[in-house]
Amino acid sequence: MAVPVIAIDGPSGSGKGTVARRLAEALGFHLLDSGALYRLTAISAQKKGVRLDDAATLAELARGLDVRFDSNDDGSERIRLSGEDVTTLVRTESTGAGASTVAAIPQVREALLERQRGFERPPGLVADGRDMGTHVFPCASLKIFLTASAEERARRRHKQLKDKGIDVSLAALSRDIEDRDRRDTERSVAPLRPAKDARILDSSGKSIAAVTQTALDWVAEL
Ligand code: C5P
């Protein structure tokens with residue numbers, strides 16, 4: 001029997017990560033945070049001194065990532081790369097910028113494709129990213145494209161980072177988000193855009209709980 005896949009795509013700060021996590025919990029499904037794989041590739045490159053334009057070596061790093069996704073007792077995430085705890089490093093803005101640079105390289109995307117598809121296991125999967133519905137899981141049962149205004153996304157990201165003790169100015173963050181949006185939507189391979197059959201969900205001014213509920217209502221319609 002086919003495994004149900006819920007694809008959630010959208011720009012940074014749209015609330016994708018949180019909504020995907022809550023949806024996976026509510027449905028008892030597996031979760032794929034595909035952005036983390038691009039972030040880990042960028043971290044791995046930095047640790048090994050690989051340049052961000054060395055496509056072949058970056059693809060090799062992406063294919064060989066030794067990563068473990070775990071949860072702490074309080075439900076928060078813990079990510080290990082080759083045994084080293086990189087949870088905080090994964091979420092920094094500079095890692096995000098590195099991720100969007102390596103994510104524009106076709107060989108890196110290709111190298112991560114099978115790994116991402118390996119997350120499709122019973123009883124189901126919630127997959128969070130930029131190209132889940134368009135490329136990685138084109139046959140997903142439900143495709144959601146989550147958006148929010150650029151200002152609101154910058155504000156949310158600011159609060160998220162502050163809560164994690166990471167200090168960054170709102171203006172700098174807005175610029176970073178704009179740059180990242182541009183790179184993600186304008187790249188030639190798997191650019192960020194809604195799948196033709198995606199349902200658009202604008203989270204501006206809505207609580208995470210309300211957005212999650214709308215997504216659950218859509219799942220119930222399947
Ligand atoms: O979602 P997150 O902010 O962790 O993603 C980091 C970067 O990884 C994005 O800006 C994007 O460039 C890239 N990415 C991607 N395709 C995905 C997920 C993330 O290109 N499916």
Side-chain angles (χ1 to χ4, degrees), residues 5-21 23-24 31-46 52 55 58-59 61-62 65 67 69 77 79 81 86-120 125-138 140 143-148 150 153-154 156-161 164 166 168 173-195 198 203:
V5 175
I6 316 293
I8 306 189
D9 291 304
S12 31
S14 58
K16 269 180 309 117
T18 315
V19 171
R21 186 171 291 275
L23 207 56
L31 176 70
L32 164 61
D33 171 1
S34 61
L37 298 175
Y38 291 97
R39 288 171 180 264
L40 288 161
T41 303
I43 291 174
S44 183
Q46 197 196 15
L52 293 188
L58 288 170
L61 288 183
L65 283 178
V67 54
F69 294 101
E77 66 177 2
I79 304 178
L81 180 63
V86 291
T87 314
T88 306
L89 183 57
V90 163
R91 298 295 162 208
T92 64
E93 284 307 293
S94 76
T95 299
S100 88
T101 303
V102 301
I105 301 173
Q107 294 95 316
V108 170
R109 303 200 72 84
E110 181 60 33
L112 290 176
L113 199 56
E114 286 316 308
R115 183 188 287 259
Q116 293 176 87
R117 290 187 175 151
F119 281 75
E120 184 179 347
L125 174 69
V126 177
D128 151 15
R130 302 291 188 292
D131 61 342
M132 299 295 99
T134 49
H135 284 90
V136 182
F137 302 107
K143 300 177 184 178
I144 300 176
F145 193 81
L146 198 59
T147 61
R153 290 190 284 121
R156 284 181 191 164
R157 199 65 159 198
H158 189 241
K159 181 171 180 309
Q160 220 175 32
L161 292 173
K164 289 187 175 168
I166 301 170
V168 54
L173 205 52
S174 299
R175 276 197 304 277
D176 285 355
I177 284 190
E178 271 170 34
D179 286 349
R180 197 129 69 90
D181 282 356
R182 196 173 319 112
R183 269 201 300 273
D184 289 351
T185 51
E186 290 178 2
R187 69 179 173 223
S188 59
V189 52
L192 171 67
R193 65 174 138 71
S203 70

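All ligand and atom numbering here is 1-based and tracks the order in the structure.
Around CD of Gln160, the count of heavy atoms belonging to other residues, nucleotides or ligands within 6.0 Å exceeds 12.
Taking the side chain as every heavy atom from C-beta outward, Val5 and Phe119 never approach each other to under 4.5 Å. Counting heavy atoms from C-beta on, the side chains of Arg183 and Thr101 come closer than 4.5 Å. Side-chain contact check for Arg109 versus Arg187: some heavy-atom pair is nearer than 4.5 Å. No side-chain heavy atom of Asp184 sits less than 4.5 Å from a side-chain heavy atom of Pro11. Between Leu32 and Phe137, some side-chain heavy-atom pair lies under the 4.5 Å cut-off. Taking 4.5 Å as the limit, every side-chain heavy atom of Met132 sits out of range of all side-chain heavy atoms of Lys143. Residues Leu58 and Gln107 are not in side-chain contact: their nearest non-hydrogen atoms beyond the backbone lie 4.5 Å or more apart. Side-chain contact between Arg153 and Glu178 is absent, with no heavy atoms from C-beta onward closer than 4.5 Å.
Below 3.5 Å of separation, one finds no N or O of Asp128 facing any N or O of ligand 1. Remark: ligand 1 and Tyr38 share no N or O pair separated by less than 3.5 Å (distance only, no angle test). Any N or O atom pair closer than 3.5 Å counts here, and Arg109 shares at least one such pair with ligand 1. Remark: ligand 1 and Asp33 share no N or O pair separated by less than 3.5 Å (distance only, no angle test).
If you number the atoms of ligand 1 from 1 as listed, the ones under 4.0 Å from a heavy atom of Ala103 come out as 12 (O), 13 (C), 20 (O). With ligand atoms numbered from 1 in the order given, ligand 1 contributes 9 (C), 10 (O), 11 (C), 12 (O) to contacts under 4.0 Å with heavy atoms of Asp184. Every atom of ligand 1 is numbered from 1 in the order shown, and the set under 4.0 Å from a heavy atom of Ala99 is 6 (C), 7 (C), 8 (O). Counting atoms of ligand 1 from 1 in the listed order, those under 4.0 Å from a heavy atom of Gly129 are 18 (C), 21 (N). Interface of Met132 with ligand 1, defined as ligand atoms under 4.0 Å from a residue heavy atom, comprises 21 (N). Those atoms of ligand 1 that come under 4.0 Å of a heavy atom in Arg39, given as number and element, are 2 (P), 3 (O), 4 (O), 6 (C). In summary, the atoms of ligand 1 found under 4.0 Å from a heavy atom of Ser100, numbered by their order in the structure, are 10 (O), 12 (O). Below 4.0 Å from some heavy atom of Lys16 lie the following atoms of ligand 1, by number and element: 1 (O).
Counting heavy atoms under 4.0 Å from ligand 1, residue Glu93 does not touch it at all. Contacts between Arg180 and ligand 1 below 4.0 angstrom, taking non-hydrogen atoms only, involve the side chain exclusively. If you look at Arg183 next to ligand 1, there are no close heavy atoms at all, none under 4.0 Å. The side chain of Arg157, and not its backbone, has at least one atom closer than 4.0 Å to an atom of ligand 1 (non-hydrogen atoms only; side chain from C-beta on). With a 4.0 Å heavy-atom cut-off, ligand 1 is reached by the backbone of Asp131 and by its side chain too.
A salt bridge does not link Arg157 to Asp176: none of the charged nitrogens lies less than 4.0 Å from a carboxylate oxygen.
Checked by atom type and distance alone, the side chain of Thr95 pairs as donor or acceptor with a backbone atom of Leu89 at under 3.5 Å.
From the protein, the heavy atom lying nearest to atom 19 (C) of ligand 1 is Gly35 CA, 3.5 Å. Distance from atom 18 (C) of ligand 1 to its nearest protein heavy atom, with residue and atom name: Ser34 OG, 3.4 Å.
Here atom 9 (C) of ligand 1 lies nearest to Arg130 when heavy atoms of Arg91, Gln116, Arg130 are compared.
A donor-acceptor contact closer than 3.5 angstrom is absent between the side chains of Arg156 and Thr18.
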